[in-house]
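Shown next, in structure tokens, is the structure this report addresses.
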Amino acid sequence: MRAGEVLVPRLGVNIDHVATIRNARGGAHPDPLRAARLASEAGADGITAHLREDRRHISDVDIQRLRRYITLPLNLEMAATSEMLDIALRHRPHGCCLVPEKRQELTTEGGLDVAGAGEQLVSFIRRLKQAEIRVSLFVDPARHQIEACGAIGAQVVELHTGPYCEWVNDGNGAAAAAQLERLKQAAALAADLGLEVHAGHGLTFDSVGPVAVIPQIMELNIGHFLIGEAIFGGLDSAIKRMRHLIRQARTDASGVQSA
Ligand code: PXP
């Protein structure tokens with residue numbers, strides 16, 4: 001990086017909800033692979049897909065096709081189960097983000113309890129790393145969870161931005177600021193422990209800026225809002241605007257003139 005250049009977080013585009021719409025009718029349209037190609041053309045730095053145990057959106061075939069036809073790094077979100085481990089080892093995505101999963105939830109509700117996890121998670125992470133798959137753990141921005149991520153051998157933490165985004169959506173500035181402070185402290189601690197820091201969940205045009213400004217954050221993973229916006233203005237335009245807002249926030253915070 002040259003002097004005066006601003007390090008902008010990468011944008012991983014989560015395409016799960018293209019599959020949600022496809023599955024509503026059981027056919028092949030809209031195709032998540034086509035969305036991934038469009039995301040790539042619009043400047044996404046990576047593609048994220050969550051293969052859930054109940055296959056409610058992304059399917060096994062989607063993962064196979066994404067690996068075969070997309071050159072961007074694939075971040076496979078999954079629960080730490082033996083079924084998912086086999087799938088990850090078969091497809092060898094660039095990275096796996098381990099998330100908690102409950103069948104009845106609408107979306108991932110909280111972070112992984114790494115602090116309370118046992119030897120099983122340690123060996124799960126070891127198997128992925130042996131296959132040269134980068135391991136990320138999706139956690140709440142809590143000190144004990146971040147410290148546990150450092151101790152367990154993960155390379156990346158993804159901080160759960162959901163509660164912060166909900167307060168922004170509700171217009172509760174004080175509660176949003178408190179959550180943002182937790183994210184900042186967690187990001188600083190994670191970086192001190194040598195972990196790469198990512199963040200995601202619930203981010204929108206309105207909430208992304210203050211998170212993008214946190215200097216340790218290297219990647220943001222965003223899905224639902226982008227796919228929703230794509231209905232109104234197209235995926236290309238939604239991704240470009242999100243990238244612009246991320247860059248603008250970092251540039252403004254650094255005091256460097258935007259290109
Ligand atoms: N990061 C993780 C770990 C997630 O589970 C999700 C949702 O699948 C996201 C990011 C993206 O969240 P959203 O779809 O709300 O942008």
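None of these values were measured; they are calculated from a predicted model. Every number for a ligand or one of its atoms is a count from 1 in the order of the listing.
Close approach of ligand 1 to Gly223 (heavy-atom distance below 4.0 Å) involves ligand atoms 13 (P), 14 (O), 16 (O). Near Gly202, meaning under 4.0 Å from any of its heavy atoms, are these atoms of ligand 1: 12 (O), 13 (P), 15 (O), 16 (O). Residue-ligand proximity, Val99 to ligand 1, at heavy-atom distances under 4.0 Å covers atoms 3 (C). Close contacts of ligand 1 with Glu158, meaning ligand atoms under 4.0 Å from a residue heavy atom, involve 1 (N), 2 (C), 3 (C), 10 (C).
With a heavy-atom cut-off of 4.0 Å, Asp16 touches ligand 1 through its side chain alone. Here His160 has no heavy atoms under 4.0 Å from ligand 1, in either its backbone or its side chain.
Between the side chains of Thr48 and Asn14, no donor-acceptor pair of N or O atoms lies under 3.5 Å. In the model, Asp252 has a side-chain atom that pairs as donor or acceptor with a side-chain atom of Gln248 under 3.5 Å.
Closest to atom 4 (C) of ligand 1 by heavy atom, among Glu77, His198, His17, is Glu77.
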Please assess Glu158 against Arg134 for the test salt bridge (Lys or Arg N to Asp or Glu O under 4.0 Å), listing each intermediate value before the final yes or no. CA-CA 12 Å; Glu158 178 156 328; Arg134 189 196 61 191; over 6 Å; no
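Considering backbone and side-chain N/O atoms, Asn221 never comes within less than 3.5 Å of an N/O atom of ligand 1.
Using a 4.5 Å heavy-atom threshold, the side chains of Ile125 and Leu98 count as touching. Leu76 has its side chain out of reach of His91: every pair of non-hydrogen atoms, C-beta onward, lies at least 4.5 Å apart. A heavy-atom distance below 4.5 Å is not found between the side chains of Gln179 and Asn172.
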